[in-house]
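Everything below concerns the one structure shown next.
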Amino acid sequence: MFPEYSAFFEPVLGPAFVAAAEPVDGPFVTGLAALAEGLGLVIVAGMLETAAVAGRFCNTLVAVGPTGELLARYRKLHLYDAFGERESDWVLPGSIEAPQTFVVGGLTVGLQTCYDIRFPEVTRRLVDAGAELVLVPAEWVRGPLKEQQWRTLLTARAIENTVYVAAADHAPPIGVGTSMIVDPMGVELVTIGETTDVGVAWLTSARLEQVRAVNPALRLRRFGVVEL
């Protein structure tokens with residue numbers, strides 16, 4: 001998994017992002033698919049997708065499989081209009097659709113993006129669709145307490161849903177870095193600090209079952225998620 005905006009990024013959103021957007025069958029995803037097929041991997045990355053509205057683009061995640069097929073596509077739902085930023089000036093939010101999940105190594109995987117992690121119902125909806133591993137590509141902008149909030153939110157989503165959460169962020173000086181994989185008990189299995197590197201961890205269904213036997217929070221809950 002690579003971060004949000006893997007295909008193109010500048011420190012300030014603007015016309016260059018619109019110009020860099022391309023369709024899902026364009027050269028960026030085609031190149032990812034060839035890489036995935038050549039390595040026998042599933043690859044997830046953030047791209048700028050061409051939008052139907054002039055002057056806008058979609059902030060999109062794609063997952064491509066080891067035979068080069070498109071496994072899932074997710075358009076960011078919650079745009080970063082916070083901390084002085086206005087992502088919605090340039091980005092079209094994704095439509096609320098049934099989550100697209102896929103299976104890797106026996107685990108069902110779901111996708112969400114960056115600012116979405118501040119909205120716990122997004123992760124819960126993925127879990128209701130069967131996700132056992134939630135991937136969170138991000139461009140988590142630096143700022144006061146942002147690294148602390150990043151770690152807290154990712155860990156909370158893992159604990160409250162008893163799922164694995166894996167998050168990839170741009171390294172400093174743009175993002176906070178601190179890409180990590182968190183297990184369903186909230187344990188950081190691997191964390192990449194301020195550097196650009198690769199994090200690897202073993203994820204198992206047995207660990208999910210063990211944690212859910214001790215903490216059956218999903219079974220005991222009394223509220224669901226509905227669209228506004």
Side-chain angles (χ1 to χ4, degrees), residues 1-4 41-46 61-63 65-66 71-72 74 76-78 96-138 140 145-169 175-193 197-227:
M1 175 177 58
F2 294 94
E4 178 186 19
L41 298 174
V42 173
I43 297 178
V44 174
L61 300 181
V62 292
L71 299 176
Y74 172 78
K76 188 176 186 179
L77 292 177
H78 297 90
I96 298 176
E97 303 171 340
Q100 295 185 24
T101 62
F102 54 97
V103 177
V104 179
L107 293 177
T108 301
V109 183
L111 303 173
Q112 62 183 93
T113 310
C114 197
Y115 192 54
D116 283 331
I117 203 69
R118 291 185 181 271
F119 301 84
E121 61 272 16
V122 177
T123 312
R124 178 56 55 86
R125 194 163 176 265
L126 288 171
V127 172
D128 284 346
E132 299 164 304
L133 164 63
V134 175
L135 303 183
V136 189
W140 198 264
L145 299 178
K146 291 293 294 296
E147 185 173 341
Q148 178 185 357
Q149 293 171 10
W150 167 251
R151 174 174 271 111
T152 299
L153 290 164
L154 293 172
T155 305
R157 298 296 87 85
I159 294 170
E160 69 197 7
N161 292 291
T162 55
V163 292
Y164 288 102
V165 172
D169 185 38
V176 302
T178 320
S179 300
M180 66 178 71
I181 303 172
V182 185
D183 93 343
M185 194 63 91
V187 178
E188 289 184 24
L189 301 178
V190 61
T191 304
I192 301 171
D197 209 332
V198 178
V200 178
W202 293 103
L203 315 183
T204 68
S205 297
R207 176 60 170 165
L208 282 168
E209 294 169 3
Q210 177 192 43
V211 172
R212 290 177 177 181
V214 174
N215 176 23
L218 293 176
R219 178 169 55 82
L220 296 176
R221 66 188 173 126
R222 300 178 65 185
F223 296 91
V225 176
V226 296
E227 178 182 348

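Since the model is a prediction, treat every value here as computed from it, not as a measurement. FYI, side chains are in, hydrogens and waters are out, and symmetry mates aren't considered; it's all heavy atoms of this structure.
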Exercise. Hey, is the main chain of Thr162 close enough, under 3.5 Å, to the side chain of Arg212 for a donor-acceptor pair?
Worked result: yes

Exercise. Looking at CG of Leu208 and CG of Asp183, how far apart are the two atoms once the value is rounded to the nearest 0.5 Å?
Worked result: 8.5 Å

Exercise. Of all heavy-atom pairs between Leu107 and Ser205, which one has the smallest distance, and what is that distance?
Worked result: CD2-OG, 3.5 Å

Exercise. Got a salt bridge between Asp128 and Arg221, using NZ or NE/NH1/NH2 to carboxylate O under 4.0 Å?
Worked result: yes

For this session: Grab the two heavy atoms, one from Glu227 and one from Ile96, that are nearest each other, plus how far apart they are.
Result: CG-CD1, 3.6 Å

Seminar exercise, completed: The reported gap from CD1 in Ile181 to CG in Leu203 (rounded to nearest 0.5 angstrom) is 6.0 Å

Problem set entry | All ring-ring contact (aromatic ring centres under 6.0 Å, His included) counterparts of Tyr164, not counting sequence neighbours | none

For this session: Take Leu189 and Trp202 through the test side chain to side chain contact (heavy atoms under 4.5 Å, CB included) and record every step on the way to the result.
Result: CA-CA 8 Å; Leu189 301 178; Trp202 293 103; over 6 Å; no

Problem set entry | Trace of the side chain to side chain contact (heavy atoms under 4.5 Å, CB included) decision for Leu111 with Thr113 | CA-CA 7 Å; Leu111 303 173; Thr113 310; over 6 Å; no

For this session: Could you tell me which residues satisfy salt bridge (Lys or Arg N to Asp or Glu O under 4.0 Å) with Arg124, sequence neighbours excluded, listed by chain and number?
Result: none

Problem set entry | Pairing residues for Glu121 by the side chain to side chain donor-acceptor pair (under 3.5 Å) criterion, not counting sequence neighbours | none

For this session: Kindly give the heavy-atom pair with the smallest separation between Leu126 and Pro99, and that separation in Å.
Result: CD2-CB, 3.7 Å

Exercise. How long is the span from the CE atom in Met180 to the OG1 atom in Thr155, to the nearest 0.5 Å?
Worked result: 6.0 Å

Exercise. Side chain of Asp169, backbone of Trp140: donor and acceptor closer than 3.5 Å?
Worked result: yes

Exercise. Can you tell me if Thr191 uses its side chain to pair, donor with acceptor, with the backbone of Thr178 under 3.5 Å?
Worked result: no

Problem set entry | Interatomic spacing from CG in Leu133 to CE in Met1 - rounded to 0.5 Å | 8.0 Å

Problem set entry | Set of salt bridge (Lys or Arg N to Asp or Glu O under 4.0 Å) partners for Arg125, sequence neighbours left out | none

Exercise. Is a side-chain donor or acceptor of Asp197 paired with a backbone partner of Ile192 at a separation under 3.5 angstrom?
Worked result: no

For this session: Go through the steps to decide whether Lys76 and Asp116 satisfy the test side chain to side chain contact (heavy atoms under 4.5 Å, CB included), and finish with yes or no.
Result: CA-CA 7 Å; Lys76 188 176 186 179; Asp116 283 331; 4.0 Å; yes

For this session: Output all residues satisfying side chain to side chain contact (heavy atoms under 4.5 Å, CB included) with Leu145, sequence neighbours left out; order by chain, then residue number.
Result: Gln148, Gln149

Exercise. How are the rings of Phe119 and His78 set to each other: parallel, tilted or perpendicular (split at 30° and 60°)?
Worked result: parallel

Exercise. Which atoms form the tightest heavy-atom contact between Gly110 and Ala131, and what is the distance?
Worked result: N-CB, 3.9 Å

Exercise. Looking at residues at least two apart in the chain, or sitting in another chain, which of them share a salt bridge (Lys or Arg N to Asp or Glu O under 4.0 Å) with Glu132?
Worked result: none

Exercise. If you take all heavy atoms of Ala201 and Val190, which pair is closest and at what distance?
Worked result: CB-CG1, 4.3 Å

Exercise. Counting only heavy atoms not in Phe2, do more than 12 fall under 6.0 Å of its CZ?
Worked result: no

For this session: Check for a donor-acceptor pair, side chain of Asn161 on one end and backbone N or O of Arg157 on the other, with a separation under 3.5 Å.
Result: yes

Problem set entry | Separation of Ile117 CD1 from Gln112 CD (nearest 0.5 Å) | 4.0 Å

For this session: Kindly compute the distance separating OG1 (Thr123) from CG (Leu154), expressed to the nearest 0.5 Å.
Result: 9.0 Å

Seminar exercise, completed: Heavy atoms of Pro137 and Val44 approach each other most closely as CG-CG1, 4.2 Å

